[in-house]
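Structure first, commentary second.
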Amino acid sequence: MTTFEEKLKTLPIKIIEHSGYTKYYSAANVKLLIAKADTEIEYLKAQLEPQALPVVPGYVAEWYEANKSTLEYSIYLIHVEMKDLEDNELTDIQIWFDNRNNKSLETIFKMKDGYIIEKPKLFRLKLRNTADRNHYLWLNRATNRIFIDKKFLDWTNHDNVKNSFTEQEITEILDGAFVNNEAFEIVPVEEINE
């Protein structure tokens with residue numbers, strides 16, 4: 001006997017036996033039977049459809065990978081530690097867990113089936129008040145020296161030289177010298193007509 005047949009027998013449906021092997025269901029109970037079957041079909045369809053993988057920041061993925069073997073306990077520890085801290089003392093992962101919009105518990109447990117790391121938003125530092133408006137800050141990561149150049153396409157030197165940065169990286173260039181610097185405009189990479 002199938003699961004459906006077992007569930008069918010538990011429903012309050014009046015079965016009218018007829019001669020032979022034919023069974024008729026009273027009209028009053030047919031709607032209930034159809035509704036229950038539709039609910040079961042929708043549930044089974046939802047189980048078959050692939051669920052979208054959660055998209056998370058890189059630091060959440062790193063935390064997950066480091067803690068996935070003791071996930072429940074690690075989540076508990078995050079919340080216990082947060083109780084004793086002021087808002088300005090919270091780490092990035094604690095802030096992420098504390099933000100209800102992230103649906104942190106649901107997201108973390110969905111990550112067991114896989115996840116996508118969110119691409120960080122990139123910016124360029126464009127020099128203001130130049131004649132052709134195409135001078136950008138470049139950083140040579142090998143020497144930690146900066147220079148200004150007209151080249152702004154994806155021109156690199158073996159990844160040692162770059163001109164697109166995350167917000168965090170901008171604050172770290174020369175100890176934040178370019179944050180709120182009036183000589184430069186911070187331009188999202190998507191807005192630059194390349």
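When reading the values below, keep in mind they use all heavy atoms of this one structure, side chains included, and skip hydrogens, waters and symmetry mates. Sequential numbering from 1 along the given sequence is applied to the chain's residues.
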Does the pair Phe165 and Arg124 meet the rule for a side chain to side chain contact (heavy atoms under 4.5 Å, CB included), with working shown? CA-CA 6 Å; Phe165 310 96; Arg124 291 198 172 113; 6.0 Å; no

Please report the C-alpha distance between Tyr136 and Glu185 in whole Å, then the side-chain angles of each, then the deciding distance to 0.1 Å, and finally whether the side chain to side chain donor-acceptor pair (under 3.5 Å) criterion is met. CA-CA 9 Å; Tyr136 293 85; Glu185 173 184 3; over 6 Å; no

Side chain to side chain contact (heavy atoms under 4.5 Å, CB included), that's the test. Do Ile78 and Gln94 meet it? Break it down for me. CA-CA 7 Å; Ile78 284 274; Gln94 290 168 330; 4.2 Å; yes

For Asp92 and Phe97, run side chain to side chain contact (heavy atoms under 4.5 Å, CB included): C-alpha distance rounded to whole Å, both residues' side-chain angles, the deciding distance at 0.1 Å, then the answer. CA-CA 9 Å; Asp92 287 342; Phe97 266 99; over 6 Å; no

Report the C-alpha distance between Leu137 and Ile148 in whole Å, list the side-chain angles of each, state the deciding distance to 0.1 Å, and finish with yes or no for side chain to side chain contact (heavy atoms under 4.5 Å, CB included). CA-CA 5 Å; Leu137 179 127; Ile148 308 298; 4.2 Å; yes

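Within the 4.5 Å cutoff, side-chain heavy atoms of Met82 are placed close to those of Leu90. Contact check for Thr107 versus Val56: side-chain heavy atoms found under the 4.5 Å cut-off. For the pair Thr91/Trp96, no side-chain contact is recorded, criterion being any heavy-atom separation below 4.5 Å from C-beta on. At a threshold of 4.5 Å between non-hydrogen side-chain atoms, the residues Tyr73 and Asn67 do not count as touching. Residues Lys112 and Leu71 are in side-chain contact: their nearest non-hydrogen atoms beyond the backbone lie under 4.5 Å apart. The side-chain heavy atoms of His135 and Phe184, taken from C-beta on, include no pair separated by under 4.5 Å. Side-chain contact between Leu139 and Arg145 is absent, with no heavy atoms from C-beta onward closer than 4.5 Å.
Atom CG of Asp38 sits in a crowded spot, with more than 12 heavy atoms from other residues, nucleotides or ligands closer than 6.0 Å. The local environment of CD in Glu81 is crowded, with over 12 non-hydrogen atoms from other residues, nucleotides or ligands closer than 6.0 Å. Around atom CG of Asn99, more than 12 heavy atoms belonging to other residues, nucleotides or ligands sit under 6.0 Å away.
To the nearest 0.5 Å, atoms CD1 (Ile108) and CD (Glu106) are separated by 11.5 Å. Separating the OG atom in Ser104 from the CG atom in Asp98 is a distance of 8.5 Å, to the nearest 0.5 Å. Put simply, CG on Asn181 and CD1 on Ile186 are 9.0 Å apart, with the number rounded to the nearest 0.5 Å.
The hydrophobic clustering, which links ILVMFWY residues whose side-chain heavy atoms are closer than 4.5 Å, places Leu85 and Tyr59 together. Linking ILVMFWY side-chain heavy atoms closer than 4.5 Å, directly or via other members, places Ile95 and Leu105 in a single hydrophobic cluster. The cluster map of Ile, Leu, Val, Met, Phe, Trp and Tyr, joined by side-chain heavy atoms under 4.5 Å apart, puts Phe109 and Met111 in the same cluster. One hydrophobic cluster, built from ILVMFWY side chains closer than 4.5 Å, cannot hold both Leu77 and Ile93; they sit in different ones.
Residue Pro120 comes nearest to Thr166 through the heavy atom pair CB-CG2, 3.7 Å, listed as atom of the first residue, atom of the second, then distance. The two atoms that bring Ser164 and Leu122 nearest to each other are OG-CD1, 4.1 Å, heavy atoms only. Contact between Asp113 and Leu53 at its shortest, heavy atoms only, is O-CD2, 3.6 Å. Closest approach of Gly114 and Pro54 over heavy atoms only: O-CD, 3.4 Å.
Aromatic ring orientation, Phe147 versus Trp138: parallel (interplanar angle below 30°, classes split at 30° and 60°).
In this model, a donor atom of one side chain and an acceptor atom of the other lie less than 3.5 Å apart for Tyr115 and Glu65.
Checked for salt-bridge contact, Glu169 and Lys162 meet the test: a charged N lies under 4.0 Å from a carboxylate O. Salt-bridge annotation for Lys36 and Glu40: absent, with no side-chain N of the basic residue lying under 4.0 Å from a carboxylate O of the acidic one.
Remark: the backbone N or O of Glu86 is paired with a side-chain donor or acceptor of Glu89 at under 3.5 angstrom.
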